Structures are given as structure tokens and as C-alpha cells.
Amino acid sequence: MLEIRGISKKFGDFEALKGVDLHIGAGEFFTLLGPSGCGKTTLLRMIAGFEAPDSGEILLEGKDMVGTPPEQRPVHTVFQNYALFPHMTVAQNIAFPLQMARVQADEIDARVQQALDNVHLPDKAGAYPAALSGGQRQRIAIARALVKRPRLLLLDEPLSALDAKMREQMQIELINLQKEVGITFIYVTHDQGEALALSHRIAVMNQGKIAQLDQPAQLYNHPNSRFVADFIGQCNLLEATVTDSDRHHADLELHHIGPVRVSLAPAVTVTKGQRCLLTLRPEKIRIARNLHALVDETHFCGKIHDTLYLGDVTVYKVELAQGILLEALLANSGNHASERFAVGDSVEVAWNSSAGHLIAEP
Amino acid sequence: MGRWSRQLLTLPPTIYLLIFFAIPTVIMLFASFRFPGDYGGLAPWYSIEDGSYAFDLTWENWQRLFESTIYLELFVKSLGYAVITTAICLLLGYPLALMVSRSEKKRRDLLLLLIILPFWSNFLVRIYAWMIIFSPTGALTMAVNSLLDLFGIAPVSLMYSPTAVIVCMVYVHLPFMVLPLYANLEKHDPALLDAASDLGASGWQRFWRVTWPLSLPGVYAGSILVFIPVLGMFAIPDLLGGTNAIMIGNVIKQQFIESRDWPFGSVLSIMLTIATIALVWLGTRSGHRVKHG
């Protein structure tokens, strides 16, 4: 559907994109995720036609789009601050792309009404954007971008201006909408939670390159680099040296902590003596005063260094060795005060050998 | 805010308008019913004869206004000058304001400075400068006439013509059009043009569907700032128009200075004020209609 080959772009001395390759399938909900300045917005603006790459190709259904102005691309964008026309009513805003395409007037009316129904705002046709709430403006912006049935819908941090509750609701609506219309969505965000919740696939970008491209669960459980592990969710990163390995397992010496055995993901190979990083998600660590370690589990003793009560869960930072902190989550599922620990308590932590994921460090 | 403090806030502008607009207008209205003084100014408005007061007021000045169509024609002609000047200022000023608002931020201040630069020299000096440009031996006239000669057209005189008056009025008032337009255009969100382009609008469509309608408040503000002073203008037609291009402002000035007929000058001034207020009111009304669909 969309193929991006070797796209590079420089702004003065700043290299915004350094040879990006991407292949996005039809009907996919694809996300470009990364910190600000990673090049994700530049890439999106190139797909829309607002920026031209210095080199590389953008093929939409086999046709090179480079050089085609935005108004001639079958690609529409939902802008960060909606960019609704303030002097037009909601209906006039949605009718705009149809008028530009010289659609018959009576057909326009029908399609505008249909678009308003799709975003659950059928009675807002006559309102001006200034009279709408943030969530409503967002929906109108989406309706306007979808009404002409583009081949591709680009969304540039569309939920960043909404409050947390509204954002979650819009996320669900976006997923459903995308399923209904079946149009390929390319979504840009710096919010990893949003990316995980919405996407079929995510490209994590860093400094003008794609750091990792995978499905959300793969990305979360098997990050391929320190950057991705750190950027997506909370993650413990423990430095280690490989002491022994076979195809499925590796024995590690965690620096300052002790030996541990991990199972290896198929793509990961390590050799004896290699330095690597063990990534451990906080929610995969068991924590208790007296653990009965199971088979396949490694357990260590430590002291509670900090606690952070978040309501649904409590975050404990456990000091395993001098200066080495391990973050663990405990769901506050029961009312048992005994489950809670105070700073300075001695605790035991344990995790399954398949809980950790190994990243080979160069 | 309480009712009283809110009224207190509107007090300063109310007092200002009262002193500088309402009271002079009332004085002028009163003067329009009096007789001219023997040596200019106004004759006393009452006299005492045999110990009883008598009013010396008259309708004559107002009757004179409607006795012939000459003054009405002058009003219409002045209106024509004002409309043409405003239209040309808009045509020239809009692209200029648009270019300044879309130029690099660093350069904008310099460009704005250049636009208001003519204000640094005296108004009359600038009109005299145009007299030099338009004079029969001036470079512009010579160039125009030699060009016309190529096509076998008889030479023309630019000086003392409606053209000279309009050119100079456009020159003098252009900044009043450009500045409000710039203030408006500069505030437009560039994302709106991106959105229009993204949704299939070409360059012209982006302008007529997005930029132009959003700039209408600036267009009205600039047009009013040009239209009002031009409607009452007398200095430029005096110096550049000769007898060929007289505007209502010239006649008013004539009444007060040369004819020493203050009462009739007051009549014409009041008519000019009424005409101006009526036209501006009409303009803003239609402006509102456009803005709110």
C-alpha cells in the first residue's frame, strides 16, 4: 500500500531523517512513535506532501508521490490542533474537501450527514468550531479528513490536546472507526501508551532512524535495544555478562547482583563472555517478605528503597546491591496490609527465567 | 463586576467622545442656523431691542444646500473619489500585507518600518513632491507623453487632473490600509492553509476559501481608515487637482476661509459627518453579514 524507500532529509545541519525504509500494508493501523525531534512528524509531512525528501521514494500503491503537491494526493491529515476553518460551520468544514473535488451539491449534503453520524455528532452541522469542545472538534477534524475516503489517513498527535479521560474514549473510538472504514491509518505520537493501545504495528524512531518495527506486544516484551526498552513503558535494565549459553537459555552474571538464568527469544544469540542487558518489566517481578521460589525462578534478597502508591498499584524500588535498584509493581488487589512494605523492609524478589529479555550490547 | 463599576469603566471614553465629538457637533449644528458675521465668524444669535430679546436664527443656510444640485453632485463626486482610492489601496495593499505577513519573521519589522517611513516627512512636503513628479517638465509626464507620441496620441497633462489627485491620495493612505490588513493576516494559523491544501484546495482556492474570508475584518478596518479621511480630503485636490478635481472638503474649506461663511460651512460639514457615519454603518453591517454567514 505505502512503501517508503531510503528517505533522507536535512534541515540545515540537522539530519531529520537518515535513510528510512517502511512498508505499510492496506488497512493497517500503523504508528510512528518516538521522542520529539526523532523525525516522525517530518516523515508524516512527507507522506502528506508538505515536505520533500532530499533522497528516497514514497510509493503509494506503486506510484511515486515525491513531487506531487498535497492537494493531489489521496492522503488526508488530522492535524495536531485540528485546523478546523473557524469561519465555516461544522457542515461547511466537512463539505470542503468534497467541494474541492467538485462533488454534486445534493451528494455533498448526504455525505456530510453520513460523516457526522459516523463520529456521533449528527446535530452539530450548523455549529461553528469555536462552540465545540475539544473532543468534538477532534471528531469533526476526523470526519472532515475521512469524508472523501482517502487511501491513507495521517494523524499527527491528534489526541495530545485532550484530557486523560477523553483521550481514552477517543482511543477506543479511533480503533472502532478504523475497523469500520478500513482505511490505512498512519498515526504519529510520542505517547508510548497510546501507540501500544491503538496500533497493529509500531515503528519506534530515534534520531532520524527506525529503532525497531514490531507489533505492540513484541515491542513491549522483546525490545531490541536499550533505547526501545527504556522508551516503551517502565523497564529495569540490568547489566550482565554471559557465562554460558545454548540455543534456548543463557546463564548470566548480573553485575554486583549474582547469577541468573534466562530463556532466549528466537532472534537473540549471545556468546560466552559477551556483555549484555537484561530487561525486566516491573510487573513481571514477584515481591514478598518470604518468597517460595518456584522452579524456573531466580530470587534475590533486597531492601525497600522507595515506595510509590499509585492507587491501583504500588511501585516498590528494591535495592538489591549497593546502588542497584529494581523496580517492581504490586497490584493493590486485596485489603491486606501485610502485602504492603515500608521503606527499609527486607524483601525477596523473584522472576521467571522467561520474564527477562536479553539485549546484546555491542 | 458590579453594575456601577462597569459603568465607571465606560466613563473615560464617554467623556472623551462627549468633549471631542458630541459637543463640537452640537456647536456646529447651532452655527448652521446663525447668520455669518460681517467680517467673518458668526453674527450674534440674539439681539436686544427695546428691552426685549429677539433670536437671530435662520433656515436660510439649509435652504441654500437644497436650492441647487451642485452640492449634492459634489458629495457624489467626493464619494466616487473615496471609493476609487479605497479600492486601489485595497488592491495594492492586500498583496503587500500578505507578502509581509508571510515573509521571514526577522525581516517583517524592517518591511513594516519601510511602509510607515513616509510618515516621517511632512504631509504637505509629500504632496509638493508629487507636484514635482506630475509637473509638465517632470520626468514622469515626459515619459508618458513620449510613449503616447509613439502611438500618435496627443500629449496629456498629469498635473491638475483627477488622476493626479487619486494617485497622491492612494500614496498617502496606503499605510492605513496595509497596517490593519497586516495585523489581521499575521495572526492566521498557517496550519489552516496546510489543512486546505491537504483536503484538495489549490493555491487560489486556499486564498479565496480560507485567507480572504478570515481577513475580512482587516479589510473593513483598512477600508474605513482610508475611506473616511479621503471623503473629507481638501489639501490634495487643492494642490494637485486645480479646478478640475474639487471635492466637498475644498468647498467646506472655502466657506470657512475665503467666503467667510461659517454657517454654510457648518451645514456642509454636518452633511459630510452624516454621510460618513451612514456609510460606515452600512459597511460594518454588511461586513457582519458576510462574517456570520
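In what follows, every heavy atom counts, from backbone to side chain, and hydrogens, waters and symmetry copies are set aside. What you are looking at is a predicted structure, and each value in this text was computed from that prediction instead of being measured. Letters A, B, ... are given to chains in the order of the sequence lines, protein chains preceding strands, and every chain is numbered from 1.
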* What is the minimum heavy-atom distance between A/Ala83 and B/Ala191, and which atoms define it? -> CB-O, 3.8 Å
* Exercise: identify the closest heavy-atom pair between A/Phe96 and B/Ala201 -> CZ-CB, 3.8 Å
* Around atom CZ of B/Phe234, are there more than 12 heavy atoms of other residues, nucleotides or ligands at under 6.0 Å? -> no
* To do: Determine whether more than 12 heavy atoms belonging to other residues, nucleotides or ligands lie under 6.0 Å from atom CZ of A/Arg151.
  => no
* Asked: Side chain, backbone, both or neither: which part of A/Gln80 has a heavy atom under 4.5 Å from chain B?
  -> neither
* Asked: Considering only heavy atoms, which portion of B/Arg206 lies under 4.5 Å from any heavy atom of chain A: side chain, backbone, both, or neither?
  -> side chain
* To do: Would you confirm whether A/His87, through its side chain, and B/Ser215, through its main-chain N or O, come within 3.5 Å as a donor-acceptor pair?
  => no
* Asked: Should we say atom CD of A/Glu107 is surrounded by more than 12 heavy atoms from elsewhere, each under 6.0 Å from it?
  -> yes
* **side chain to side chain contact (heavy atoms under 4.5 Å, CB included) assessment of A/Gln99 paired with B/Gln205** => CA-CA 10 Å; A/Gln99 287 166 349; B/Gln205 286 169 323; over 6 Å; no
* Asked: Side chains of A/Arg45 and B/Asp194: does their closest heavy-atom pair fall under 4.5 Å?
  -> yes
* Quick one: OG on B/Ser197 to CD on A/Gln72, what's the gap to the nearest 0.5 Å? -> 9.5 Å
* For the residue pair B/Leu192 and A/Phe85, what are the closest heavy atoms and their distance? -> O-CE2, 3.4 Å
* Structure fact -> Honestly, the part of A/Leu98 sitting under 4.5 Å from a heavy atom of chain B is neither
* Structure fact -> If one checks every heavy atom of B/Asp189 against chain A at 4.5 Å, the contacting part turns out to be neither
* Search all heavy atoms of B/Leu199 against all heavy atoms of A/Lys148 and return the closest pair with its distance. => O-NZ, 3.9 Å
* Asked: A/Val75 versus chain B, heavy atoms under 4.5 Å apart: side chain, backbone, both or neither?
  -> backbone
* Asked: Rounded to the nearest 0.5 Å, how far does CD of A/Glu71 lie from OG of B/Ser202?
  -> 6.5 Å
